[in-house]
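Read through the structure below, which is laid out as structure tokens, and then see the notes.
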Amino acid sequence: MTGETQTDPKVYATPTAEHVSLGGTIRSVLFWIPTVLLFIAIAQGVQMDRLERKAPQLVAALLASTLWNGLVGGVRVAAEWERGVILRLGKFQTIRGPGLFYTIPGLEYVRFVDTRTLVVNIPQQKAITRDNVPAVIDSALFFMVRDPALAITSIQDFRFAISQYTQAALRDVVGASTLDELLSEREQVQQRIASIVEERVQAWGLNIDSIQLQDFELPEDLKRVMSRQAAAEREKRATITKAEGDRLAAQNLVDAANLMAENPIALELKTLQALDSLGNNVSNTVILFPIELARAMKAIAPPSPEP
């Protein structure tokens, strides 16, 4: 035991194969049914005649079966989301699909392209922000093929190429941003990266859907500092809120006192309300002193001598 904590490995989505053959069954049926019928007919003839007389027919049947197999091999089926890029003698010819189509064996080559929205993982890109904070960022790129012909003929491997270009753009944008911008303005950062990548991959026949920054990994000491800063910020807001509440309460008390000074009857009603609340408790002893008597005594009291 080394004392180091073991973290669970991250699991990334794995894209499926580029093309799932849908024409294999059709090619098998087109090849085996005529071939089996031909050999059945030859076998019946062999039973009725001598084998050496049927040898040329057997050889011809084998040659015909081989030729038929080559012809049937050109049958292709593209799924609804696929397009077949046809190269004839190495030169781009056309785009076919979806559905059943035929390629000339030996002369034409087909490359299937998925036109759905595709996703590429961009795992653990290490970058340093503008304020010199190291960060490890995980992200995912969503894109789709707009022009299958360009995606095949203008770039060697468009998946690998767009992944590498996105990594470079991500590091450039992160290096030009501060840590606070990355944490608080993630949507704007994602849009800046997407616009940079979109400008380049247009020539490859691709369109960017979005780039999602999934996770930020920061140094542990920086995380502790940020935690203390967040706690201090919350404490500051709590103190300001309490002081604001005390100020509003004092202001309300001043307004209430001024209102009662202008309306003596309001003070008497407040006094009666206080007496009513005290009378609900049997342990309290209430001695009533008329307010009018207090005012009369105050009026006849001699003035206090001036110092």
Side-chain angles (χ1 to χ4, degrees), residues 12-28 30-31 67-125 137-173 190-214:
Y12 299 100
T14 303
T16 57
E18 291 187 3
H19 171 66
V20 179
S21 178
L22 301 176
T25 303
I26 297 177
R27 290 192 295 270
S28 298
L30 291 176
F31 171 74
L67 179 60
W68 180 246
N69 183 38
L71 294 176
V72 170
V75 177
R76 293 289 186 268
V77 177
E80 180 65 30
W81 58 87
E82 292 179 327
R83 299 295 181 271
V85 179
I86 305 298
L87 301 178
R88 181 177 297 172
L89 296 178
K91 184 179 180 180
F92 171 72
Q93 184 67 24
T94 184
I95 297 176
R96 296 175 185 168
L100 183 68
F101 60 91
Y102 188 79
T103 59
I104 302 174
L107 297 179
E108 293 182 344
Y109 166 76
V110 58
R111 176 75 179 272
F112 290 95
V113 178
D114 195 329
T115 59
R116 295 174 295 183
T117 299
L118 307 175
V119 59
V120 173
N121 292 309
I122 312 295
Q124 293 189 347
Q125 291 302 301
I137 304 173
D138 292 331
S139 60
L141 169 66
F142 297 84
F143 70 100
M144 63 187 305
V145 178
R146 170 180 50 84
D147 190 335
L150 286 177
I152 297 299
T153 59
S154 64
I155 191 71
Q156 181 182 17
D157 186 343
F158 64 86
R159 285 179 179 267
F160 179 75
I162 197 172
S163 173
Q164 295 298 309
Y165 198 85
T166 303
Q167 294 176 29
L170 188 150
R171 288 191 293 268
D172 291 342
V173 173
Q190 294 174 164
Q191 292 177 359
R192 289 203 297 269
I193 300 173
S195 63
I196 294 175
V197 179
E198 177 79 18
E199 183 179 357
R200 182 65 185 89
V201 302
Q202 284 286 338
W204 301 344
L206 308 177
N207 278 341
I208 300 300
D209 180 80
S210 64
I211 294 177
Q212 300 297 323
L213 303 181
Q214 297 175 324

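Keep in mind that what you see is a predicted model, and the values were worked out from it rather than measured.
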Here the pair of heavy atoms bringing Ile122 nearest to Gln167 is CG2-CG, 3.4 Å
When rounded to the nearest 0.5 Å, the distance separating CZ of Arg146 from OG1 of Thr115 is 13.0 Å
When rounded to the nearest 0.5 Å, the distance separating CD of Gln125 from CG of Leu170 is 6.5 Å
Are the side chains of Thr166 and Val120 in contact, using a 4.5 Å heavy-atom criterion? no
Value for CZ (Arg27) from CZ (Arg76), rounded to nearest 0.5 Å, stands at 4.5 Å
Q. Between the main-chain N or O of Arg159 and the side-chain N or O of Ser163, is there a donor-acceptor pair closer than 3.5 Å?
A. no
Between the CD atom in Gln191 and the CD atom in Glu198, the distance rounded to the nearest 0.5 Å is 12.5 Å
All heavy atoms of Ala169 vs all of Val197, minimum pair found to be CB-CG2, 3.9 Å
Assess, by modelled atom type and distance only, whether the side chains of Asn207 and Gln202 contain a donor and an acceptor separated by less than 3.5 Å. yes
What one should report as the nearest heavy-atom pair of Ala140 and Val119 is CB-CG2, 4.3 Å
**Report entry** Backbone of Tyr109 reached by a side-chain donor or acceptor of Thr103 within 3.5 Å
**Finding:** no
(message) Taking the side chain as everything from C-beta on, heavy atoms only, tell me whether Phe143 gets closer than 4.5 Å to Val201.
(response) no
query = Just wondering, more than 12 heavy atoms not from Glu199 lying within 6.0 Å of its CD?
reply = no
Correct closest heavy-atom pair for Asp114 and Val145 would be O-CG2, 3.7 Å
dist Leu141:CG -> Gln190:CD (nearest 0.5 Å) comes out at 11.5 Å
Looking only at heavy atoms, the pair that brings Asp138 and Pro123 closest together is OD1-C, 3.5 Å
Counting C-beta onward and ignoring hydrogens, is there a side-chain heavy-atom pair between Ile208 and Leu206 closer than 4.5 Å?
no
Ring geometry between Phe112 and Phe101 (parallel below 30°, tilted from 30 to 60°, perpendicular above 60°): tilted
Value for CG (Leu118) from CG (Asp209), rounded to nearest 0.5 Å, stands at 10.5 Å
Here the pair of heavy atoms bringing Thr117 nearest to Met144 is CA-CB, 4.1 Å
So do Ile155 and Ile162 actually touch side chain to side chain, heavy atoms under 4.5 Å? no
Give every donor-acceptor pair under 3.5 Å between a side-chain atom in residues 90-100 and any protein atom, sequence neighbours left out.
{"unit_1": "Arg96", "atom_1": "NH1", "unit_2": "Tyr102", "atom_2": "O", "d": "2.4"}
{"unit_1": "Arg96", "atom_1": "NH1", "unit_2": "Glu108", "atom_2": "OE1", "d": "3.4"}

